[in-house]
Amino acid sequence: MIAAFLREPRVATLTTLRPDGSPHVTAVRFTWDEQAALARVLTVATSRKARNLTARPGGRAALCQVDGFRWATLEGSVALSDDPRRVTEAVRRYTARYGTPPPAPPGRVVIEIAIDRITSLNL
């Protein structure tokens, strides 16, 4: 049931840590590759979330998708990449999940979260 829920084209919150250790939470669209246990979020390198990850290499992040009293949180270690192949794969998966391609601003990067913990409620 969690896998089906995570395939629904919903928005989630992404939590990263600022350099001072305080949480930064923002709404994002994401994709979930269950086989690879990898979540992807597209953004730009100058965004607060990307800068948080640059300031704390090897850090962790959490994605939480909510629908009423159903939710799933994906947690794991984070990598930020501007590799064109990785960004292109993230765009492909985003387009398949949400039905339209994402915006294509300059400086686009992909946040990859290697998921090692999933918690949920009512799924």
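Bear in mind the structure is a predicted one, so any value in this text is a computation, not a measurement. Counting from 1, the numbers follow the sequence of the chain as shown.
By the side-chain hydrogen bond (donor to acceptor under 3.5 Å, both in side chains) test, T100 is found to be paired with no residue, residues two or more places apart in sequence or in another chain being considered. Not counting sequence neighbours, the partners of E75 by the salt bridge (Lys or Arg N to Asp or Glu O under 4.0 Å) test are R117. For Y94, the ring-ring contact (aromatic ring centres under 6.0 Å, His included) criterion is met by Y98, not counting sequence neighbours.
Here the shortest heavy-atom pairing between P106 and V44 reads O-CG1, 3.7 Å. Here the closest heavy-atom approach between residue A55 and residue P19 is recorded as CB-CG, 3.8 Å. The minimum heavy-atom distance linking E34 with A3 is given by the pair OE1-CB, 3.5 Å. Between P23 and T15, the shortest heavy-atom contact is CB-CG2, 4.1 Å.
The ring-ring contact (aromatic ring centres under 6.0 Å, His included) contacts involving residues 30-52 comprise nothing, where partners must be two or more places apart or lie in separate chains. Each ring-ring contact (aromatic ring centres under 6.0 Å, His included) pair with one or both residues in residues 43-68, not counting sequence neighbours, would appear here, but there are none.
Using a 4.5 Å cut-off on side-chain heavy atoms (C-beta onward), R70 and E8 make contact. Two residues are said to be in side-chain contact when any heavy atoms from C-beta on lie closer than 4.5 Å; L17 and R56 meet this criterion. Side-chain atoms of L53 and T16, non-hydrogen and from C-beta on, do get closer than 4.5 Å to each other. Under the 4.5 Å side-chain criterion, counting only non-hydrogen atoms from C-beta, V78 is not in contact with E112. Within the 4.5 Å cutoff, the side chain of V109 has no heavy atoms near those of the S81 side chain. R108 is not listed as a side-chain neighbour of T43, based on a closest heavy-atom distance of 4.5 Å or more. You'll find the side chain of L6 reaches within 4.5 Å of the side chain of L74, heavy atoms only. Contact annotation: the side chain of V11 never approaches that of V28 to less than 4.5 Å [non-hydrogen atoms, C-beta and beyond].
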Should L38 and R40 be marked as a side chain to side chain contact (heavy atoms under 4.5 Å, CB included) after you check the CA-CA gap, both sets of side-chain angles, and the distance that decides it?
CA-CA 7 Å; L38 189 68; R40 295 174 176 91; 3.3 Å; yes
Please test I113 against L14 for side chain to side chain contact (heavy atoms under 4.5 Å, CB included), starting from the C-alpha separation and ending with a verdict.
CA-CA 11 Å; I113 308 168; L14 172 68; 3.9 Å; yes
One pair to check against side chain to side chain contact (heavy atoms under 4.5 Å, CB included): L63 and T73. What are the steps and the verdict?
CA-CA 5 Å; L63 277 166; T73 299; over 6 Å; no
Verify side chain to side chain contact (heavy atoms under 4.5 Å, CB included) between V110 and V41, making sure each step is shown before the conclusion.
CA-CA 6 Å; V110 60; V41 175; over 6 Å; no
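When hydrophobic residues (I, L, V, M, F, W, Y) are linked wherever their side-chain heavy atoms come within less than 4.5 Å, the members clustered with L121 are V66, W71.
In this structure a side-chain-to-backbone donor-acceptor pair under 3.5 Å is missing from S120 to L123. Without hydrogens or angle criteria, T95 side chain to V91 main chain gives a donor-acceptor distance under 3.5 Å.
Checking R48 against N52 by side-chain atom types alone, a donor-acceptor pair falls below 3.5 Å.
Rounding to the nearest 0.5 angstrom, the gap separating the CD1 atom in I111 from the CG atom in L42 is 9.0 Å.
For the pair R85 and D83, the salt-bridge criterion is met [side-chain N within less than 4.0 Å of a carboxylate O]. Salt-bridge annotation for R92 and E89: present, with a side-chain N of the basic residue lying under 4.0 Å from a carboxylate O of the acidic one.
Of the candidates R86, R93, R7, R97, R93 is the only one forming a salt bridge (charged side-chain N to carboxylate O under 4.0 Å, His left out) with D33.
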